Amino acid sequence: MKVLLLGGTGEGRELASVLRDAGVDVVSSLAGRTAAARMPVGEVRVGGFGGAAGLAAWLQEHPVDAVVDATHPFASTMTAHAVAAAREVGVELLVLRRPGWTPVRGDDWHWADSTVAAAELLPRVGTRAFLTIGRQGLDAFANTGLWMLARCVDAPEPLPDWCSLILARGPFTLADEESLLREHRVDVLVTKDSGGPATAAKLTAARRLGVPVIVVRRPPLPGGVEVVETVEGAVQWVMRVSHSSRR
Ligand code: NAP
């Protein structure tokens, strides 16, 4: 059994490790944009495939029994390419997507359909914004004229001159998130609905300090794809594909 695992997430790394321990041959694929990326165990290839056609060609040259897309919930281009290429080549495909976040009592969340929509909404919600949306999409906030602090893993290029910058990679603790919001007198937090525990403390910190949150909705998944929310679900799916391909 050989699997192409489109990674770039903690779930991708965990899945690579569990599948390897179960005797499955895994090649993980990373986009290669993060400078000091955390590497999964086992075989890794790095860099884009060259669109859906490039991925289809790769799959023809490197036959696999299944593709698991464990990319980030906002990596919608890669997911669309994976779905198209797997259909073209006739390979089984699964999308592993961790659940999104849901508001709880005391939260003041404002949903936006995109980072552009979030930037448009921002002046109506606060004046000192903490942007935790990554590097991509930051430009949408360049002309709001508000005080901004952005947190990214790697520095945006070119460096924005319209906001302060923190370079850091989660997980972040609740105590640190609370003191960061306090120190900078943040009165609005902007986030993508990435889901997962590693970066969720900022939401709890915002709730405790009464800071409203603008949450960018996830892009929709392509129709007709099989989706699981957990690494365990993905392992079971791979095992099912493995059994049926042996018959
Ligand atoms: P994207 O917009 O969906 O993808 C853009 C292009 O990057 C794809 O068309 C593909 O290039 C290449 N690519 C993306 N993921 C790849 C992978 N796993 N292996 C090989 N090529 C890949 O994705 P993105 O938002 O730029 O994210 C890039 C990577 O960072 C993903 O693996 C994702 O899991 C991770 N990440 C993204 C976010 C986020 O907020 N977007 C956050 C954390 C981590 P070609 O068309 O040339 O094949």
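Values below: all heavy atoms of this structure, side chains included; hydrogens, waters and symmetry mates excluded. Everything numeric in this text was worked out from a predicted model, so none of it was measured. Indexing begins at 1, ligand by ligand and atom by atom, following the structure's order.
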Give the atom numbers and elements of ligand 1 that come within less than 4.0 Å of a heavy atom of [X].
{"X": "T77", "result": "1 (P), 2 (O), 3 (O), 4 (O), 9 (O)"}
{"X": "H81", "result": "9 (O), 46 (O)"}
{"X": "G48", "result": "11 (O), 21 (N), 45 (P), 47 (O), 48 (O)"}
{"X": "G8", "result": "32 (O), 34 (O), 35 (C), 44 (C)"}
{"X": "G50", "result": "45 (P), 47 (O), 48 (O)"}

Identity and separation of the nearest protein heavy atom to [atom]:
{"atom": "atom 32 (O) of ligand 1", "result": "G7 O, 2.8 Å"}
{"atom": "atom 29 (C) of ligand 1", "result": "A31 CB, 3.8 Å"}
{"atom": "atom 40 (O) of ligand 1", "result": "K192 NZ, 2.7 Å"}
{"atom": "atom 48 (O) of ligand 1", "result": "F49 N, 2.6 Å"}
{"atom": "atom 23 (O) of ligand 1", "result": "A75 CB, 3.4 Å"}
{"atom": "atom 38 (C) of ligand 1", "result": "H72 CG, 3.3 Å"}

Please state which part of [X] comes within less than 4.0 Å of ligand 1, counting heavy atoms only: side chain, backbone, both or neither.
{"X": "S76", "answer": "backbone"}
{"X": "L30", "answer": "backbone"}
{"X": "R45", "answer": "side chain"}

Roughly how far, to the nearest 0.5 Å, is [atom2] of [Y] from [atom1] of [X]?
{"X": "L5", "Y": "R13", "atom1": "CG", "atom2": "CZ", "result": "11.5 Å"}
{"X": "L122", "Y": "L131", "atom1": "CG", "atom2": "CG", "result": "7.0 Å"}
{"X": "I133", "Y": "Q136", "atom1": "CD1", "atom2": "CD", "result": "9.5 Å"}
{"X": "E177", "Y": "L174", "atom1": "CD", "atom2": "CG", "result": "8.0 Å"}

**Report entry** Minimal non-hydrogen separation, M239 against L19, with atom names
**Finding:**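 Heavy atoms only, the tightest pair is CE-CD2, 4.4 Å.
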Query raised in the report: For R45 and S29, what are the C-alpha separation, side-chain angles and deciding distance, and is it a side chain to side chain donor-acceptor pair (under 3.5 Å)?
Result: CA-CA 5 Å; R45 67 160 299 287; S29 174; 2.7 Å; yes
Query raised in the report: Would you say A70 contacts ligand 1, with heavy atoms under 4.0 Å as the rule?
Result: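 Not so, A70 does not reach ligand 1.
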Query raised in the report: Do ligand 1 and T79 have nitrogen or oxygen atoms that lie under 3.5 Å from each other?
Result: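 Checking ligand 1 against T79, no N or O pair falls under 3.5 Å apart.
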Report task. Looking only at distances, please establish whether an N/O atom of ligand 1 is found under 3.5 Å from an N/O atom of L6. Result ->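 No.
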Requested in this report: Going by heavy-atom distance to atom 3 (O) of ligand 1, choose the closest among M78, E11, Q136, R33.
Outcome: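 It is M78 that holds the nearest heavy atom.
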Query raised in the report: Given G51, G54, S29, which one has a non-hydrogen atom that is nearest to atom 19 (N) of ligand 1?
Result: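 Among G51, G54, S29, the closest heavy atom to atom 19 (N) of ligand 1 comes from S29.
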Query raised in the report: Would you say atom 46 (O) of ligand 1 touches the protein, meaning some protein heavy atom is under 4.0 Å from it?
Result: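 Within 4.0 Å: yes, protein heavy atom nearby.
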Query raised in the report: Side chains of T79 and R97: donor-acceptor distance under 3.5 Å anywhere?
Result: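 Looking only at side-chain atoms, R97 and T79 do form a donor-acceptor pair, the distance falling under 3.5 Å.
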Is there side-chain contact between [X] and [Y], with heavy atoms separated by less than 4.5 Å?
{"X": "T34", "Y": "R169", "answer": "yes"}
{"X": "P160", "Y": "F141", "answer": "no"}
{"X": "M148", "Y": "S164", "answer": "no"}

Query raised in the report: Relative to each other, are the rings of H72 and F74 parallel, tilted or perpendicular (30° and 60° limits)?
Result: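 Rings of H72 and F74: tilted, 30 to 60°.
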Requested in this report: Hey, can you tell me if W147 and H184 have their rings parallel, tilted or perpendicular (30° and 60° cut-offs)?
Outcome: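 W147 vs H184 ring planes: parallel.
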